[in-house]
Structure formats: structure tokens, C-alpha cells
Amino acid sequence: MHQDVSAALSEREIRMYRGSFALIIFAEAVAFVTVFASRFLYTGTDTPLELGALSLAIAVVLWAGWFFARGGLAALRRGELGRSAVAQGWGVLLAWVAVLLLIVDLRTLGLPPGGLFASHYYLAEAMHLLHALAGALALTALWSKTHRNGLAANNAWVLEAGVLFWGFVAWVWIAFLLVFFVI
Amino acid sequence: MAVEPVRFARASFFDTTAYLLRAFFWGGIGFLLGSGLVALAFGQSPYGDLGLTVGYLFGLVGWILGGGALEAWVKPWFGLPSDYDEGTGIARYFRFNTDHKVIGIQYLWASAFAFALAGGMAMLMRAELISPALDFFSSPQTYNSLVAVHGSLMIFAVAVVAIVGGFGNYFVPLMVGGDDMPFPYVNGLSWWFVIPGVLALALSPILGGSEAGWTGYAPLSIQGPSGGVLYFLGAYTLGISSLLTAVNVIGTVLFKRAPGLTLSRLPLFVWGMVATSFLNLLWVPVIGTAMLMGIFDRVVPTGFFRPEVGGIPLVWQDLFWLFGHPEVYIIILTAWAIWLEVLPVFGRRSLAGYGWAVGGFLGVAFLSSVVWTHHMFTTGLSDRLIPFMSTTELISIPTGFVFMVALATLWRARIRLAAPMLLVLMSMVNFLMGGTTGIFLADVPSDLMLQDTYFVVAHFHYTIIGGMVFTWLAGLYYWFPKFAGKMYDESLAKLAAWWVFIAFNLTFFPMHIAGIEGMNRRIAEYLPYLEGINTWISVWAFLLGVGFFLHLVNLVYSWIWGEKAPANPWGGKTLEWQTSSPPPHHNFEATPVVRGSFYRYGEEEA
């Protein structure tokens with residue numbers, strides 16, 4: 001009963017997957033917008049934190065992971081499975097590093113969680129961490145599948161979905177930095 | 001390839017429910033593991049807020065994997081051997097499945113189970129209210145805790161799920177001529193969030209429960225016994241289920257339509273589902289985030305709704321009703337859509353004003369998002385009173401479109417008063433009553449007097465039971481031949497319909513009077529002068545419960561022993577009637593082509 005992901009997808013099917021997946025991303029974005037909007041409604045634009053090296057490092061790692069994952073997708077589309085697996089491997093490594101850095105950031109924040117700014121910071125970062133964790137798991141599963149020749153050039157949708165999701169995770173962190181440090 | 005009909009007698013109970021039983025077992029193990037880890041790592045009680053939260057998440061994973069997702073999804077993904085069989089007959093309804101029709105039935109039985117559970121709780125509440133003193137429950141807190149579970153289950157696990165999850169899953173792909181939904185595995189997964197959500201809500205009284213009602217008002221909901229955290233977890237889980245269904249429904253309508261099925265020809269039930277799904281997509285993440293805030297306030301603890309650190313409890317109400325009022329229309333839009341499917345078929349009359357009906361659905365969907373503060377008129381937000389009174393009353397205009405289309409379709413119709421039609425007409429009468437009493441609650445002066453009385457209880461039961469549950473029953477009878485492949489007992493269906501209609505009105509109409517006379521909501525004890533009317537309401541409530549049981553008996557009996565149904569017993573023209581009963585695995589033997597409207601009777605054929 002399991003779907004054969006090596007079967008070629010038609011243009012219509014790819015449109016369907018992309019369109020439907022965009023709905024999932026939309027719903028996730030609404031959840032983050034709710035927290036970000038609530039942060040401004042509660043605490044205005046004041047911020048007790050300064051943008052630190054760790055937050056910037058997380059951004060760099062997230063985006064680097066996305067860069068490699070996209071490279072893996074492009075290679076898969078060209079039919080270069082070996083190159084795809086290598087690029088994806090770097091993407092997976094960076095994804096897990098990002099997860100680790102997010103945990104470190106949460107553990108070392110130093111703000112008492114009861115304050116309103118800190119409440120929003122903790123919630124938003126925890127939500128982001130959960131998404132990063134899901135993304136890292138997905139990229140790892142896709143990398144493993146690529147290694148076993150489970151993906152094909154004419155059916156790269158599942159990898160595309162993973163890469164799109166990681167891109168979303170990377171963009172949310174930029175929004176996070178803007179909301180909690182810049183605006 | 002025709003789908004194998006349901007076999008009830010041959011398979012043993014354990015064969016049939018093997019995966020479900022394993023899901024319960026693995027879920028339990030996961031829960032104990034998660035809560036045990038919290039106890040070991042943090043030295044906290046495994047049944048405290050954190051222990052319950054982590055245990056629930058672990059249990060959820062165990063439940064989903066145990067239900068068959070391990071063999072159906074995870075193992076094949078990692079290239080491991082798996083001989084998973086989605087099952088045949090009744091067994092497929094109790095294990096992980098990717099067929100939208102099976103998932104639809106799974107939603108139907110799960111929501112019927114939740115309805116019976118929450119209905120049983122209502123019976124206990126009415127038993128308490130037969131007399132003014134507290135004589136059935138051990139304390140008012142226990143009573144209130146049960147009220148909260150009853151309301152939460154009825155809303156989150158029945159009203160939102162039964163039509164949207166049940167009929168939506170089963171019939172949207174069929175009605176658009178598609179073979180399935182875009183993400184069948186995600187669809188299969190969505191149902192597995194329902195039962196944990198139901199159990200979390202239903203079991204919360206064991207751990208002290210929550211007295212904050214189905215609306216979970218803060219700060220009450222973020223204080224008190226750890227059972228309160230189960231409210232947030234259960235409602236959140238049920239929200240995920242709705243969200244995943246919404247994504248698949250919209251994807252199906254956008255990308256799976258048969259040739260010739262333009263948007264201007266979409267069946268009205270599908271339009272109703274689209275409007276509902278967009279509301280879910282937009283507002284479920286908002287309430288989900290609010291639920292997370294509530295969980296964090298209890299577990300971390302953060303201070304979103306804690307006034308002592310500057311938190312604002314009223315923000316919970318805003319976030320809750322931002323979802324909560326659209327939710328009323330998530331519930332009712334699909335019910336209206338079923339009215340407009342049933343009326344032309346049983347009236348043998350062309351639908352009057354298709355465009356007006358679609359406009360009504362979309363207008364209601366839009367306006368439902370800008371009326372939420374009418375639930376908060378008594379909170380002192382004086383600058384919002386007039387704007388939200390106005391938008392709330394505006395919503396009667398697109399609602400009027402739907403009623404106008406329904407009545408115009410009935411005009412000079414040759415009505416065949418079969419059970420689905422009878423129940424739709426009853427639902428229209430009930431909803432009219434609920435809508436009319438809603439005007440009193442939309443008007444600030446009368447709302448200030450009626451807030452938190454039984455008038456409100458009567459109003460929303462008229463809209464939700466009277467509007468949605470009656471239509472759910474209508475839909476069950478209307479589509480029963482299609483999904484069961486059998487005919488139901490018409491005489492018993494009509495008897496049960498009249499029984500429920502009479503008992504419903506004699507239960508809930510007097511609640512308006514009780515409310516006006518001063519009977520408050522969420523109280524286990526009341527003043528003696530209200531005893532007579534409360535006893536009357538309780539007696540009819542018990543009879544109402546019997547009426548619902550009659551419907552259940554009819555449907556179960558007919559599914560097992562009913563006569564075989566033809567493909568199109570009602571002469572319907574939408575696409576689900578153009579395939580066998582029950583439909584084959586991929587719905588149609590050949591892709592259907594649509595050449596006209598589905599709603600023309602006695603004129604040009606579709």
C-alpha cells in the first residue's frame with residue numbers, strides 16, 4: 001500500500017503537492033504571527049535584550065543548512081544522486097547543529113520566564129525549536145532515503161517538501177530576530 | 001474493483017481491533033515513559049502539569065505508531081520490511097488507513113462515540129438539576145468539571161468533527177470526481193489525533209478537572225488541579241486533526257476536480273466545506289497558539305494570563321473567541337450546505353439561487369471573523385460594544401441568503417418526506433429559533449441581562465444540536481445507502497426523528513424561560529422557585545437521550561441487516577450518486593466528466 005516515490009510525477013501532481021503544502025506552511029505562519037503580534041500588543045516595542053552572537057550564529061547555521069539542502073535538491077533533479085546525498089548530508093548536519101544551538105539559547109537566556117517579554121520569547125523560541133526538530137528529522141529521513149536510492153530525479157517532491165519546510169524554519173528565525181531584537 | 005462490504009459477524013473482536021488495542025497499549029506505555037522521565041529528571045510528580053504534558057506527547061506518539069502508522073508509514077519509509085494490510089470489512093475502521101472513505105467512517109464513529117460520552121455526561125448533569133440541592137455530585141466543583149468536559153467534547157470532538165471530518169472526508173473527493181485527497185497519509189494521520197483528544201478531555205476530572213468551562217477562561221484554567229492541563233492538550237490535539245483535514249479538503253477541491261467541474265458548478269456541500277476549511281486554516285492556529293500559552297503558563301510557568309506579572313487574562317478571551325466564533329460557522333456552514341443538497345433531491349425541484357447560496361456561505365465565513373467580541377460584552381470593553389453589535393447583526397444578511405435559497409427551493413416542490421428531508425426541515429425550524437434568540441444576545445442591552453443564564457444555553461443548543469446535530473442525522477440517513485451499501489429502516493428513522501424533535505424542543509425551549517427567570521449557567525444548586533421548570537427539562541432531556549439512542553439502533557441494525565442499497569436510491573445528481581454503493585477503492589471506474597449543473601430537476605439534466 002505504500003506509495004512508490006520513485007514513480008514519475010505529473011506536472012498536475014506536483015502543482016497539487018506544492019499548493020497543498022503551501023496551506024500547511026500558511027497555517028504554521030499564522031501560529032507564529034499570533035505570538036509575534038501578541039508580543040507587540042503586550043510589551044510594545046521595548047526589548048530588554050541585545051542581539052547576541054548566538055542568535056546570529058543560529059541564523060547563519062539555519063540558512064547554511066537550507067543552502068546545502070537546496071543544493072541536494074538541485075543535484076537530485078539533475079539525476080546526480082551521489083552529489084545530492086553529500087549536499088543533503090551537510091544540510092542534515094547543520095540542521096542538527098541549529099537544533100542544538102536553539103536548545104543552548106533557551107537554556108542560557110537568563111530571563112526569568114514570568115515576565116511578559118520573556119514569556120513571548122520562550123514560547124516563540126520553543127515553537128521554533130519544535131519546527132526545527134521536525135525539519136531536522138525530515139531532512140535526516142530524506143537523506144537516508146536518498147542513500148538507499150529511494151528518490152529519483154523525476155520524483156523529487158518529497159525532498160522538495162523537506163527543503164521548503166527547512167526554508168520556512170530559516171525565515172521564521174529572521175522574523176524572530178526582527179520581532180524580539182530589532183523592531 | 002468494488003470495496004468489500006462490511007462484515008460484522010465473521011471476524012473476532014480481537015482480530016478486528018488488534019491495531020486499536022495495540023494503539024491503546026503503546027499509548028499507555030508512552031505516557032508512563034514520558035511522565036516517568038519527568039519524575040526522574042525533575043523530581044516532579046508524574047501526574048503534575050509537566051509530567052502529564054510530556055507523558056501525553058510520548059503517549060500520542062505511541063498511540064499513532066501502535067495504530068498501524070509504524071508498519072504503514074515509518075517502516076516503508078526507512079526501507080524496512082513491512083507487510084501492513086489496511087484491512088477489509090469492519091477491521092479497516094480501527095487501524096491506520098489512507099482511504100478517504102474509511103477515514104470518513106472513522107471520524108463518524110469517533111464523533112458518535114464522543115457524542116454518546118458527552119451526552120451521558122449531560123444526563124448526569126440533568127439528574128443533578130432535578131432538585132435545587134446538591135444531591136447527586138459530591139461538590140459543585142465536580143459538577144462544574146463535568147460541565148466543562150461535556151461542553152469541550154461536544155464542541156471540539158463532535159460539532160467540529162462530525163460533519164467536517166466524517167462527511168467531508170468521505171464525500172468531498174467523491175463529489176468533485178477525484179480518486180482521493182492530496183496527502184492520503186496525512187489524512188490517515190489526522191484521525192489518530194481525535195481519540196487522544198477525546199480521552200484527554202474526558203479523563204481530566206480524574207485529576208481534578210477544570211472548572212473553567214469549555215471556553216477555558218483564564219486565569220481559572222491556568223490554576224488548580226493538573227487535570228486542567230488536559231483541557232489544553234485535548235483541545236489542541238483535536239485542533240491539529242481539524243487543521244490537517246482542512247489542508248486536504250482545500251487541496252482536493254483545488255487540484256482533484258473532474259474535467260468540467262468548474263468552481264461555478266461545485267456541489268454546495270463542497271462549497272460549504274471549502275468555506276469551513278479556510279476558517280479552520282486561519283483560526284485554528286490562533287487558538288492552538290493560545291492553548292500553548294495556557295500550557296506554558298501552567299508548566300514553565302510563563303505569565304501570559306497571570307495578572308500578578310502583568311499578564312492579561314482578557315487576552316485569552318480575545319484569542320479564544322477569535323477562533324470560537326468562526327467555529328460556530330465552521331459547525332453550521334456545512335450543515336446549511338447539507339440542507340441545500342437534500343432539499344432539491346427530496347423536493348424534486350431545481351435549486352433556486354445557487355450563486356446566492358455560495359455568496360451566503362462566503363459572506364458568513366468572512367463576517368464570522370469580525371464578530372468575536374459579542375461573547376465579551378460584559379467584560380467592560382465599552383469601546384467595542386457598538387462595532388461588534390453591528391457586525392454581529394450584519395451576519396444575518398448572508399444567513400438570510402441561505403434561508404432564502406432553501407425556502408425558494410421548497411416553493412411548489414413535490415416533497416418526498418423521507419427521513420433526511422424531515423430532519424433537514426426540522427433543523428431549519430430549530431436553527432431559525434437559535435438564530436432569532438441570537439439577536440437578543442447580539443444586542444448589547446439584552447445581552448447584559450441574559451449573559452450567563454440558561455437563555456444562552458438554550459440559544460446555543462438550538463444552533464448546535466438543533467442546527468448541526470439534526471443535520472448530521474439527516475446527512476447520515478441521506479448518505480447511509482452510499483457509505484454502508486444498505487438501506488436504513490425508514491419507519492424507525494421517522495419515528496426517531498419526531499421523537500428527537502419533540503423531546504429537543506421540550507427540553508431546550510423552556511431553558512429560555514428558565515434563563516429569563518434567573519437560572520444561571522454552571523451551577524449545581526439553584527433557588528427552589530426554579531425546581532418545577534428544571535424537573536421538566538430534566539425529564540425531557542432523558543427522553544431526548546432515548547431518541548438519539550433510537551437513531552443509533554436504526555443505523556447499526558440497518559448496516560448489519562439492512563437491504564442492499566442501489567447506487568442512487570434518491571435520484572440525486574451529484575457525483576457521489578454516479579458510482580456504486582459503496583464506491584470502489586478509487587471511487588469511479590472511469591473519470592467522470594461534468595457537463596452542467598447538479599441541481600436541475602425537471603429541466604435540463606446534468
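Below, chains carry the letters A, B, ... as their sequence lines are ordered, and counting in each starts from 1.
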[X] versus [Y], closest heavy-atom pair with distance:
X	Y	result
B:Pro285	A:Ala31	CB-N, 3.7 Å
A:Ala141	B:Phe78	CB-CZ, 3.8 Å
B:Pro76	A:Lys145	O-NZ, 3.9 Å
A:Leu116	B:Gly310	CD1-O, 3.1 Å

Using a cut-off of 6.0 Å, state whether more than 12 heavy atoms not belonging to [X] lie near its atom [atom1].
X	atom1	result
A:Trp171	CH2	no
A:Trp90	CH2	no
A:Glu11	CD	no
A:Arg39	CZ	yes
A:Arg83	CZ	no
A:Phe67	CZ	no

Would you compute the distance between atom CD1 of A:Ile24 and atom CG of B:Leu243 and round it to the nearest 0.5 angstrom? 8.5 Å
How far does CZ of A:Arg148 sit from CH2 of B:Trp77, to the nearest 0.5 angstrom? 8.5 Å
What part of B:Leu254 is in contact with chain A, defined as an atom under 4.5 angstrom from a non-hydrogen atom: side chain, backbone, both or neither?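 No part of B:Leu254 comes within 4.5 Å of chain A.
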Proximal component of A:Leu142, with respect to chain B [non-hydrogen, under 4.5 Å]: both
Against chain A, work out which of [options] has the most heavy-atom pairs shorter than 4.5 Å and name it.
options	answer
B:Leu244, B:Ile312, B:Asp318, B:Leu319	B:Ile312
B:Lys256, B:Glu308, B:Arg306	B:Lys256
B:Leu322, B:Asn280, B:Val315	B:Val315

Testing B:Ile287, B:Leu292, B:Thr289 one by one against A:Thr34 for a side chain to side chain contact (heavy atoms under 4.5 Å, CB included), which residue passes?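 Of B:Ile287, B:Leu292, B:Thr289, side chain to side chain contact (heavy atoms under 4.5 Å, CB included) with A:Thr34 is met by B:Thr289 alone.
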With side chain to side chain contact (heavy atoms under 4.5 Å, CB included) as the test, pick out the partner of A:Phe26 among B:Ile250, B:Leu282, B:Val247.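 Output: one option passes, namely B:Leu282.
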Do the side chain of A:Arg12 and the main chain of B:Phe255 share a donor and acceptor less than 3.5 angstrom apart? yes
Is any side-chain heavy atom of B:Met293 less than 4.5 Å from a side-chain heavy atom of A:Ser38?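 With C-beta onward as the side chain, the pair touches.
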As a quick check of understanding, evaluate side-chain contact (heavy atoms from CB on, under 4.5 Å) for A:Val30 and B:Trp283, giving each step before the final call. CA-CA 8 Å; A:Val30 171; B:Trp283 296 118; over 6 Å; no
Please name all residues satisfying side chain to side chain donor-acceptor pair (under 3.5 Å) with B:Arg298, sequence neighbours left out, ordered by chain then number. B:Asp49
Just checking heavy atoms, which of residues 119-130 of chain A are less than 4.5 Å from chain B? A:Ser119, A:His120, A:Tyr122, A:Leu123, A:Ala126, A:Met127
